[in-house]
Amino acid sequence: MRLSQSLFVTLREEPAEAEIPSHKLLLRAGYIRRIGSGLYAYLPLMWRVLNKVRRIVQEEMDATGAQECLLPQLQPAELWQQSGRWDTYTKSEGIMFAFTDRQQREVALGPTHEEVITAVARDMIRSYRQLPQNLYQIQSKFRDEIRPRFGLMRGREFIMKDAYSFHANEESLKETYQEMAVAYSNMLRRCGLKFRAVDADSGAIGGSGSQEFMVLADAGEDDVLYTADGQYAANAEKAVSLPADAVASIFTSREEVATPASDTIEKLTAVLKCAASSIVKNVLYQATYDNGTTVIVLVSIRGDQKVNEVKLTNELSKRAADYQAKTIIGLVVPDSEAMSKWVAQPLPLGYISPGIGDDCVKPGTVTAKILRLVDHTAASLTNFVTGADRPGHHITGANWNTDYPLPVQVDVRTALVGDRAIHDPSQTIETARGIEVGHIFQLGTKYSEAMGATFTTEQGTEQPLVMGCYGVGVSRLAQAAVEQSYDKDGIIWPVAIAPYQVIICVPNVTDAAQMAAAEQLYQELNAAGIETILDDRDERAGVKFKDADLIGIPYRIVTGRSLQSGQVEVVTRSTKQSQEIPVPEVQGVIRSWIAASIG
RNA sequence: CGGGAUGUAGCGCAGCUUGGUAGCGCGCCUGCUUUGGGAGCAGGAUGCCGUCAGUUCGAAUCUGGCCAUCCCGACCA
């Protein structure tokens, strides 16, 4: 590419619309332009980067025997109705762009493709002899994100690699899942990224085991908890750990005490001069299921701990059948307005006990019984402090069973930095920020059962296909690479995904010798398969150097002063190290550098 | 959706308090000089001041509605 003939525009000032370094740099360096909220044009340089990433993803997927295909982005509602996800994906918090066509058919733009691929499998897979299968595609996905953010990090249209595997049994699924975990590690390593694979919540997609691949960067949207020995890493929303030991209660007998203006743990510990870990905190939630049923949930947890709402949602999801529902669609701490719809009389917020009566709920508005859950941290307390169910009063020295029935025990606590690890209590939990670029799931039979995708076993019986699914955010990955690798002058692309490997800067285009040398190298390098840009613009040298640094091409050749001794200057972007190399040797040297950095 | 902010030239911003012919820097165009880290001088072009309504003799400026974008929360590759 000759820059003099390219649509190449860099910005000297930081665009106001961008917040994080990678977003600013991609805009400034002319890689992307915003078209609408969460919608970006991938300009020629960006498209080359994306294709580099795609190639690596394809190679690693193909190496596992997965087969590339391409599924429609426009999807009929029918399929989503069969899987039971139409309503949850289109209503209220729904993330799917859905509309009606001119024949009054309901259709949607694919946010993901479980339904489509399962329909294909239902049609095509008949026998265990055809299993396992793993199909993947790389295409744009559409998601009506509530808040698009940070450029390509969270777009409403973005490029994703999604793969779906089909198996006769769980063992086969686990095998492919492990292969995918290896393939994902290979992809990210080859893209030159520092990353960590972490245990994850499987969320709305459903299923059992799941791991996320996190690119480590401060601008990440996720918290990763891990131990220094490398034995444990998990998304904070999934993480488990040993809580700090509770301080022994200073109370010995059950008493109701006046605790004016003590509606928070902090105030209460000050008034009672006790430890937060001696308190049973009771948090009220309002859960909504897909059939419209609203359930009031009272979670009791130790005072120094926090409820993890993801874990809580999963617990409530397991109980959906108790309410004749399939899934939970909402979980909130009700505000006074939400609460006014179902309370019989004002609740003593901040002073609730685990035993508050079901009669505080107005009959007929929500389910009559409050669902009571207790976190393990609170269940093991004795002589604890808790609310007295009337404002300004708490109970001290309370005990489960004698004072309150012990509710169902669950793990809904948030793991914290500094907690001890479960696998080895001598290890403490540390934290880092991560950008989720990949996620692999063991789905099981959720979709195949719902959609009737079955196969015939060796024994001649019919069974639902066992499925896995595996995603990579290709466009997010590309931006994550920038977030992880830049300096004050601009982007520093890992060599493997740089749009070009070499840029030749001609300091003075009116100097015939400089131009001739540059032309010669440009032709030679490209002919040798080294992707090279020629900056032959009629600009001053300083402008060219600044732009070369900004767009982050790994190696820069300058056909300047040193030409007099038959040499050109070669500068490595990442280190800024410069050396003069005789023209005939340039190709060999750069080739070896590229080989060394791509590995 | 709740909370916060912003919309003025391609980009970054001032002007608005106190209404009176729309400005600065960068970029862009022309010419001359310059030519190794975002050049200098001279000349030039570019605006429905987000949008609709209201107040007023007069609105970028005051008032109200709407729209869009960004940031903080719930969602996710």
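Letters go in sequence order (proteins before strands), and every chain restarts at 1. Below, each value reflects all heavy atoms present in this structure, side chains not excepted, and no hydrogens, waters or symmetry copies. Here the structure is a predicted model, which is why all the values come from computation and not from measurement.
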(request) Please list, chain by chain and in numerical order, all residues satisfying side-chain hydrogen bond (donor to acceptor under 3.5 Å, both in side chains) with A/Tyr289, sequence neighbours excluded. (result) none

(request) Can you check whether any acceptor in the base of B/C76 is under 3.5 Å from a donor in the side chain of A/Arg476, or vice versa? (result) yes

(request) Would you mind classifying the nucleic acid contact of A/Gly155 as base, sugar-phosphate or nothing, using non-hydrogen atoms under 4.0 angstrom? (result) base

(request) Using the test ring-ring contact (aromatic ring centres under 6.0 Å, His included), find all partners of A/Tyr184 that sit at least two apart in sequence or belong to another chain. (result) A/Phe213

Going by atom type alone, with no hydrogens or angles, which donor-acceptor pairs under 3.5 Å involve a side-chain atom of residues 35-45 of chain A and a protein atom two or more places apart or on another chain?
residue	atom	partner	partner atom	Å
A/Tyr40	OH	A/His23	NE2	3.2

(message) Taking the nucleotide of RNA chain B with the nearest heavy atom to each, does A/Glu221 or A/His23 sit closer to the 5' end?
(response) A/His23

(request) Side chain of A/Arg147 only, please: which of B/C72, B/C76, B/G38 is the nearest? (result) B/C72

(request) Could I get the full list of side-chain hydrogen bond (donor to acceptor under 3.5 Å, both in side chains) partners for A/Ser574, not counting sequence neighbours? (result) none

(request) Taking atom P in both B/U51 and B/A68, compute the distance separating them and give it to the nearest angstrom. (result) 15 Å

(message) What's the gap between B/G20 and B/U63 when it is taken at their P atoms, as a whole Å value?
(response) 15 Å

(request) Please evaluate the base of B/C76 for a donor-acceptor partner in the side chain of A/Arg154 within a cut-off of under 3.5 Å? (result) yes

(message) Any base atoms under 4.0 Å from A/Val543, or only sugar-phosphate, or nothing? Heavy atoms, all strands.
(response) base

(message) Please pick, from B/G38, B/A77, B/C72, the nucleotide with the shortest atom-to-atom distance to any side-chain atom of A/Leu550.
(response) B/G38

(message) Say we look at B/U8 and B/G47: how far apart would their C1' atoms be, to the nearest angstrom?
(response) 8 Å

(request) List for me each residue that meets side-chain hydrogen bond (donor to acceptor under 3.5 Å, both in side chains) alongside A/Trp86, sequence neighbours excluded, and say none if there are none. (result) none

(message) Work out how far the P atom of B/G44 is from that of B/C24, and round it to whole angstrom.
(response) 13 Å

Pairs under 3.5 angstrom only: tabulate donor-acceptor contacts from the side chains of residues 468-476 of chain A to other protein residues two or more places apart or in another chain.
residue	atom	partner	partner atom	Å
A/Tyr470	OH	A/Ser165	OG	2.7
A/Ser475	OG	A/Ile159	N	3.0
A/Arg476	NE	A/Met153	O	2.7
A/Arg476	NH1	A/Glu436	O	2.6
A/Arg476	NH2	A/Met153	O	3.0

(message) Is there a salt bridge (charged side-chain N to carboxylate O under 4.0 Å, His left out) between A/Glu221 and A/Arg154? Walk through the geometry before answering.
(response) CA-CA 10 Å; A/Glu221 294 186 81; A/Arg154 178 182 299 279; 3.4 Å; yes

(request) Please list, chain by chain and in numerical order, all residues satisfying side-chain contact (heavy atoms from CB on, under 4.5 Å) with A/Gln567, sequence neighbours excluded. (result) A/Ser562, A/Ser565, A/Glu580, A/Pro582

(request) Look at all strands and tell whether A/Tyr470 reaches a base, only sugar-phosphate, or nothing, counting heavy atoms closer than 4.0 Å. (result) nothing

(message) Closest-nucleotide mapping onto RNA chain B: is A/Phe213 or A/Lys546 further toward the 5' terminus? I mean the 5' end.
(response) A/Lys546

(request) Tell me, please, whether A/Tyr226 has A/Arg196 positioned over its six-membered ring: NZ or CZ under 6.0 Å from the ring centre and within 45 degrees of its axis? (result) yes

(request) Could you please name the option among B/G37, B/C75, B/A77 that lies closest to any side-chain atom of A/Phe441? (result) B/A77

(message) What's the gap between B/C49 and B/C13 when it is taken at their C1' atoms, as a whole Å value?
(response) 14 Å

(message) Would you measure the distance from the P atom in B/G3 across to the matching atom in B/C11 and give it in whole Å?
(response) 30 Å

(message) Can you tell whether the side chains of A/Glu145 and A/Arg156 come within less than 4.0 Å, N to carboxylate O?
(response) no

(request) Could you measure between the two P atoms, the one in B/G10 and the one in B/C1, and give it in whole Å? (result) 31 Å

Just the table, please: protein N/O against nucleotides 34-36 of chain B N/O, every pair under 3.5 Å.
residue	atom	partner	partner atom	Å
B/U34	O2	A/Arg540	NH1	2.7
B/G36	O2'	A/Arg561	NH1	3.1
B/G36	O6	A/Gly560	N	3.3
B/G36	O6	A/Arg561	N	2.6
B/G36	N1	A/Glu569	OE1	2.8
B/G36	N2	A/Glu569	OE1	2.3
B/G36	N2	A/Glu569	OE2	3.2

(message) Just to be sure I understand the rule, does A/Thr10 reach a base, reach only the sugar-phosphate, or reach nothing, if contact means heavy atoms closer than 4.0 Å?
(response) base

(message) By nearest atom, which of the nucleotides B/C75, B/U69, B/C71 is closest to the A/Glu19 side chain?
(response) B/C71

(request) Would you jot down, in residue-number order, the residues of residues 176-193 of chain A having a non-hydrogen atom under 4.0 Å from RNA chain B? (result) none

(request) Give a yes or no on whether a salt bridge exists between A/Arg85 and A/Glu115, defined as a side-chain N under 4.0 angstrom from a carboxylate O. (result) yes

(request) Kindly say whether, by distance alone, the side chain of A/Arg28 makes a donor-acceptor pair under 3.5 Å with the base of B/G38? (result) yes

(message) Categorize A/Asp222 for me: base, sugar-phosphate, or nothing, with a 4.0 angstrom heavy-atom threshold over every strand shown.
(response) base

(request) For A/Phe195, check ring-ring contact (aromatic ring centres under 6.0 Å, His included) against everything at least two apart and list the hits. (result) none

(request) Answer with base, sugar-phosphate or nothing: what part of the nucleic acid does A/Asp511 contact at a heavy-atom distance below 4.0 Å? (result) nothing

(request) May I ask you to say what A/Asp162 touches in the nucleic acid, namely base, sugar-phosphate or nothing, with a heavy-atom cut-off under 4.0 Å? (result) nothing

(request) Go through the structure and list residues passing side-chain contact (heavy atoms from CB on, under 4.5 Å) with A/Ala415, not counting sequence neighbours. (result) A/Leu225, A/Ala239, A/Ser241, A/Asp419

Review item, nucleotides 10-13 of chain B N/O atoms under 3.5 Å of protein N/O:
residue	atom	partner	partner atom	Å
B/G12	OP1	A/Ala16	N	3.0
B/G12	O2'	A/Glu13	OE2	3.4

(request) Tell me which nucleotide among B/G38, B/C76, B/G73 gets nearest to the side chain of A/Glu436. (result) B/C76

(request) Examine B/A77: is either OP1 or OP2 under 4.0 Å from a nitrogen or oxygen in the side chain of A/Thr112? Give yes or no. (result) no

